[in-house]
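Some notes on the structure that comes next.
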Amino acid sequence: QKEVEQNSGPLSVPEGAIASLNCTYSDRVSQSFFWYRQYSGKSPELIMSIYSNGDKEDGRFTAQLNKASQYVSLLIRDSQPSDSATYLCAVKLMAGANNLFFGTGTRLTVIP
Amino acid sequence: GAVVSQHPSWVICKSGTSVKIECRSLDFQATTMFWYRQFPKQSLMLMATSNEGSKATYEQGVEKDKFLINHASLTLSTLTVTSAHPEDSSFYICSAPRDSHNEKLFFGSGTQLSVL
């Protein structure tokens, strides 16, 4: 079983809609969770980090974490064409370790 | 904000040659840097952890004699792909945490390697 799993998509939403991206992880002792955005041919850039159960909002982005269900999601409100990218879920599996394990990413397309 | 600089952005080389990729932390010292590889439409896969002043730690299945890592200073780590072959063609990305307590990684811009 993969440590971090995402639906590869592609996910298409109309401009202005809410995009919902989901991620599950296998290691119950995972400490930290991140969402990265990656444009084609570019390196990932951090969008959100979340460490506690519940919701965390930052502008149009909301990260949701449910440790009991081993599930983390990213909501993008008022989606814009510039949000079209691949979104990578990353999990830090062990306390004290710096490396992250990445999901395969979900390709999002926002249709004007 | 923290910046990680990676060079070159892309390189084309002949099979059998070696390629060196540099990763620099520009405004912070990085005792640890991570090297990832990403094949098309796949996720980032950790190859190795570069540690300043000591040997790198390689992930299972990654040949340490083929992917040489040197972390000679607190701001520079290099990855050398030795005797490159077409199957080594990939997107290589380095990253570094700003400090040992900061869990957020800053990524270099990546290097697209094409081996002919």
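These values consider heavy atoms only, across backbone and side chains, with no hydrogens, waters or symmetry-generated copies. First the proteins, then the strands, lettered A, B, ... as listed; each starts at 1. Worth saying up front: this structure is predicted, and the values here are computed from it rather than measured.
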Kindly indicate whether the side chain of P44(A), heavy atoms from C-beta on, has any atom under 4.5 Å from the side chain of L105(B).
no
Interatomic spacing from NZ in K42(A) to CZ in F91(B) - rounded to 0.5 Å:
8.0 Å
Short question: side chain of S43(A), backbone of G110(B) - any donor-acceptor pair under 3.5 Å?
no
Once you round to the nearest 0.5 Å, how far does CD of Q42(B) lie from CZ of F102(A)?
14.5 Å
Linking I/L/V/M/F/W/Y whenever any side-chain heavy atoms sit under 4.5 Å apart, do I76(A) and I47(A) land together?
yes
Just wondering, are more than 12 heavy atoms of other shown residues or ligands nearer than 6.0 Å to NZ in K64(B)?
no
I need the F34(B) CZ to L100(A) CG distance, nearest 0.5 Å.
7.5 Å
Counting only non-hydrogen atoms closer than 4.5 Å, does L44(B) touch chain A with its backbone (N, CA, C, O), its side chain (CB onward), both, or neither?
both
Tell me, for Q6(B) versus chain A, whether the close heavy atoms (under 4.5 Å) come from the side chain, the backbone, both or neither.
neither
Single-linkage hydrophobic cluster, 4.5 Å side-chain cutoff, V13(A) and L21(A) together:
yes
How long is the gap from OG on S43(B) to CD on Q38(A), to the nearest 0.5 Å?
8.0 Å
To the nearest 0.5 Å, tell me how far Q38(B) CD sits from T104(A) OG1.
10.5 Å
Does M45(B), at its CE atom, have more than 12 non-hydrogen atoms belonging to other residues, nucleotides or ligands within less than 6.0 Å?
no
Honestly curious: do W35(A) and Y25(A) fall in one hydrophobic cluster under the side-chain, below-4.5 Å linking rule?
yes
For Y92(B), check ring pair (Phe, Tyr, Trp, His ring centres under 6.0 Å) against everything at least two apart and list the hits.
none
Decide if atom NZ of K20(B) counts as having more than 12 heavy atoms of other residues, nucleotides or ligands within a radius under 6.0 Å.
no
